[in-house]
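Remarks on the structure that follows.
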Amino acid sequence: MSADDDLYAEIPALDERSRRALTVAEKWIGEGIAGVAIGAAEDGGPAVVVYALDPASAAVRSLPQECEGLPVRVETGDAFRTEG
């Protein structure tokens, strides 16, 4: 196993349910929510990861606990961008 394998080990496959959840969650981006992604839940399955500057904000508190059947996990963070 290479170091690259470790990098991708915790990224779940993007199946149809994950795609639908990400489409719904992208609508949450705005005041208080910097970005969303599909990542790993505590059990290793897929989860919707929400990046927020303030995880205790009203915007975060108003989020559902699940999106399209996937758990919603909040992380402290800002929007991320690719550099080109």
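One-based numbering along the sequence shown. Everything numeric here is computed off the predicted structure, so don't read it as measured data. Keep in mind that the numbers below use all heavy atoms, side chains included, and drop hydrogens, waters and symmetry copies.
- Applying the side chain to side chain contact (heavy atoms under 4.5 Å, CB included) criterion to Pro64, with sequence neighbours excluded, gives Trp28.
- Residue pairs meeting the salt bridge (Lys or Arg N to Asp or Glu O under 4.0 Å) criterion with at least one member in residues 31-44, sequence neighbours excluded, do not occur.
- Partners of Arg73 by salt bridge (charged side-chain N to carboxylate O under 4.0 Å, His left out), not counting sequence neighbours, listed by chain and number: Glu75.
- Summarising the geometry of Ala25 relative to Val48, their closest heavy-atom pair is CB-CG1, 3.7 Å, with the distance given to 0.1 Å.
- The number of heavy atoms from other shown groups lying within 6.0 Å of CD (Glu16) is above 12.
- By the side chain to side chain contact (heavy atoms under 4.5 Å, CB included) test, Leu22 is found to be paired with Glu26, Val36, Ile38, residues two or more places apart in sequence or in another chain being considered.
- Across all non-hydrogen atoms, the minimal contact from Pro71 to Pro46 is CD-O, 3.6 Å.
- Between Ala47 and Ala40, the shortest heavy-atom distance links the atoms CB-C, 4.1 Å.
- Across every non-hydrogen atom of Pro55 and Ala52, the tightest pair is CD-O, 4.2 Å.
- Annotation: salt bridge (Lys or Arg N to Asp or Glu O under 4.0 Å) contacts involving residues 54-68, sequence neighbours excluded, comprise Arg20-Glu68.
- The shortest non-hydrogen separation linking Gly32 to Ala59 is CA-CB, 4.3 Å.
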